[in-house]
Q: 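Just dropping this structure here.
Keep in mind that what you see is a predicted model, and the values were worked out from it rather than measured. No hydrogens, no waters, no symmetry mates; every other heavy atom, side chains included, goes into these values.
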Amino acid sequence: MIWRRNSHEWQFSDHDLERAAQAFANPDYTDVVLHSYRHRLGFAPGAEEYAGLEARLAELPAITVPAVTLDGTVDGNFPATDGSSTARHFTGPRLHRKVAGAGHNLPQERPEAFAAAVRDVRVLRQENASHDRLAGRRQDTT
């Protein structure tokens with residue numbers, strides 16, 4: 001039901017569902033899933049060893065590294081945007097794309113678009129590194 005709601009155009013197979021359902025056999029599955037939702041909604045504490053990292057992330061620090069962000073156009077949870085609402089968080093080079101026909105599970109629904117985004121992060125990184133090297137050079141004053 002969740003897959004259909006979140007990714008209603010994804011044509012997963014019975015085999016895909018059976019593979020994912022293997023996780024249900026884990027005796028901690030229900031506890032882990034419930035805690036995850038409770039924690040995300042602020043109704044349960046997180047793991048103490050990560051409290052410091054969580055506090056830092058809660059401050060919404062700038063994302064300075066190259067990034068490609070993706071929105072599926074048929075995501076049942078989060079409508080696709082032009083990326084402008086989150087742009088202020090990215091101070092490094094960033095591309096934002098809407099992925100047609102993809103829902104909430106982009107890597108499985110549109111693996112080619114997901115892989116292209118990963119490759120493009122590398123290109124952004126290389127382009128940014130070249131720019132940083134040039135910007136860091138001092139002009140000859142002699």
Side-chain angles (χ1 to χ4, degrees), residues 1-26 28-141:
M1 180 188 81
I2 291 173
W3 285 3
R4 294 247 185 263
R5 180 185 180 282
N6 296 350
S7 302
H8 59 270
E9 291 188 18
W10 181 26
Q11 299 299 310
F12 58 88
S13 68
D14 287 342
H15 176 72
D16 295 327
L17 186 55
E18 288 168 14
R19 262 187 39 225
Q22 292 174 12
F24 304 158
N26 183 329
D28 294 338
Y29 178 81
T30 301
D31 290 338
V32 168
V33 171
L34 287 175
H35 183 80
S36 173
Y37 280 100
R38 288 175 179 150
H39 177 256
R40 186 171 54 178
L41 297 171
F43 298 123
E48 187 59 37
E49 62 266 31
Y50 299 116
L53 288 173
E54 268 193 79
R56 287 177 50 203
L57 288 172
E59 295 172 5
L60 299 177
I63 299 167
T64 60
V65 296
V68 176
T69 55
L70 305 172
D71 280 340
T73 61
V74 293
D75 186 324
N77 285 323
F78 304 101
T81 71
D82 64 0
S84 62
S85 65
T86 56
R88 68 187 180 281
H89 299 293
F90 295 86
T91 59
R94 175 197 184 202
L95 299 173
H96 179 79
R97 297 185 182 132
K98 293 180 186 178
V99 181
H104 197 66
N105 187 2
L106 274 153
Q108 263 188 298
E109 295 174 63
R110 296 290 183 267
E112 66 288 339
F114 187 82
V118 171
R119 287 190 300 272
D120 289 343
V121 165
R122 182 177 181 188
V123 171
L124 285 174
R125 182 175 163 263
Q126 290 169 337
E127 288 173 356
N128 195 52
S130 297
H131 179 267
D132 287 349
R133 279 194 297 273
L134 291 174
R137 289 184 185 166
R138 294 180 186 235
Q139 190 169 350
D140 188 1
T141 56

Q: CG of Leu70 to NZ of Lys98: how many Å apart, nearest 0.5 Å?
A: 13.0 Å
Q: Under the criterion side chain to side chain contact (heavy atoms under 4.5 Å, CB included), I'd like the reasoning laid out for Val99 against Glu109: C-alpha separation, chi angles, the key distance, then a yes or no.
A: CA-CA 10 Å; Val99 181; Glu109 295 174 63; over 6 Å; no
Q: Kindly write out the residues that satisfy side-chain contact (heavy atoms from CB on, under 4.5 Å) with Arg119, not counting sequence neighbours, or none if the list is empty.
A: Ala115, Ala116
Q: Look only at the side chain of Thr64 and the backbone of Thr91, and say whether a donor-acceptor pair between them is shorter than 3.5 Å.
A: no
Q: Working to the nearest 0.5 angstrom, can you tell me the gap between Gln108 CD and Leu106 CG?
A: 11.0 Å
Q: For Leu17, is the CG atom crowded, meaning more than 12 foreign heavy atoms sit under 6.0 Å from it?
A: yes
Q: Got a second to check how far Arg4's CZ is from Met1's CE, nearest 0.5 Å?
A: 12.0 Å
Q: Check whether Asp16 reaches the backbone of Ser13 with its side chain - one donor and one acceptor, N or O, closer than 3.5 Å.
A: yes
Q: Go through the structure and list residues passing side chain to side chain donor-acceptor pair (under 3.5 Å) with Asp31, not counting sequence neighbours.
A: none
Q: How about Asp14: does its CG atom have over 12 heavy atoms from other parts shown lying under 6.0 Å from it?
A: no
Q: Distance-only, no hydrogens or angles: does the Arg5 side chain make a donor-acceptor pair with backbone N or O of Gly76 under 3.5 Å?
A: yes
Q: Do Leu124 and Leu95 come close enough that some side-chain heavy atom pair is under 4.5 Å?
A: yes
Q: Taking side chain as C-beta onward, heavy atoms only, is Asn105 less than 4.5 Å from Phe12?
A: no
Q: List the atom of Pro79, the atom of Asn77, and the distance in Å for their closest heavy-atom pair.
A: CD-O, 3.9 Å
Q: Hey, could you give me the CD/CG distance between Glu9 and Asp75, rounded to the nearest 0.5 Å?
A: 11.5 Å
Q: For Tyr37, which residues count as a ring pair (Phe, Tyr, Trp, His ring centres under 6.0 Å) partner, sequence neighbours excluded?
A: none
Q: Where is the tightest heavy-atom contact between Gly72 and Ala80, given as atom of each residue plus distance?
A: O-CB, 3.6 Å
Q: Of all residues at least two apart in sequence or in a different chain, which pass the side chain to side chain donor-acceptor pair (under 3.5 Å) check with Ser36?
A: none
Q: Taking only residues at least two apart or on different chains, which pairs with a member in residues 60-87 satisfy ring-ring contact (aromatic ring centres under 6.0 Å, His included)?
A: Phe78-His104
Q: Please tell me if the side chains of Thr86 and Arg94 come closer than 4.5 Å, counting only heavy atoms from C-beta onward.
A: yes
Q: If you count every heavy atom of other residues, nucleotides or ligands that lies below 6.0 Å from Phe114 atom CZ, does the total exceed 12?
A: no
Q: What side-chain donor-acceptor pairs closer than 3.5 Å can you find for residues 40-55, not counting sequence neighbours?
A:
| residue | atom | partner | partner atom | Å |
| --- | --- | --- | --- | --- |
| Glu54 | OE1 | His39 | NE2 | 3.0 |
| Glu54 | OE2 | His39 | NE2 | 3.3 |

Q: Say whether His96 and Asp71, considering side chains only, have a donor N or O and an acceptor N or O under 3.5 Å apart.
A: yes
Q: Strictly distance-based, threshold 3.5 Å: is any side-chain N or O of Arg110 a donor or acceptor partner for the main-chain N or O of Pro107?
A: no
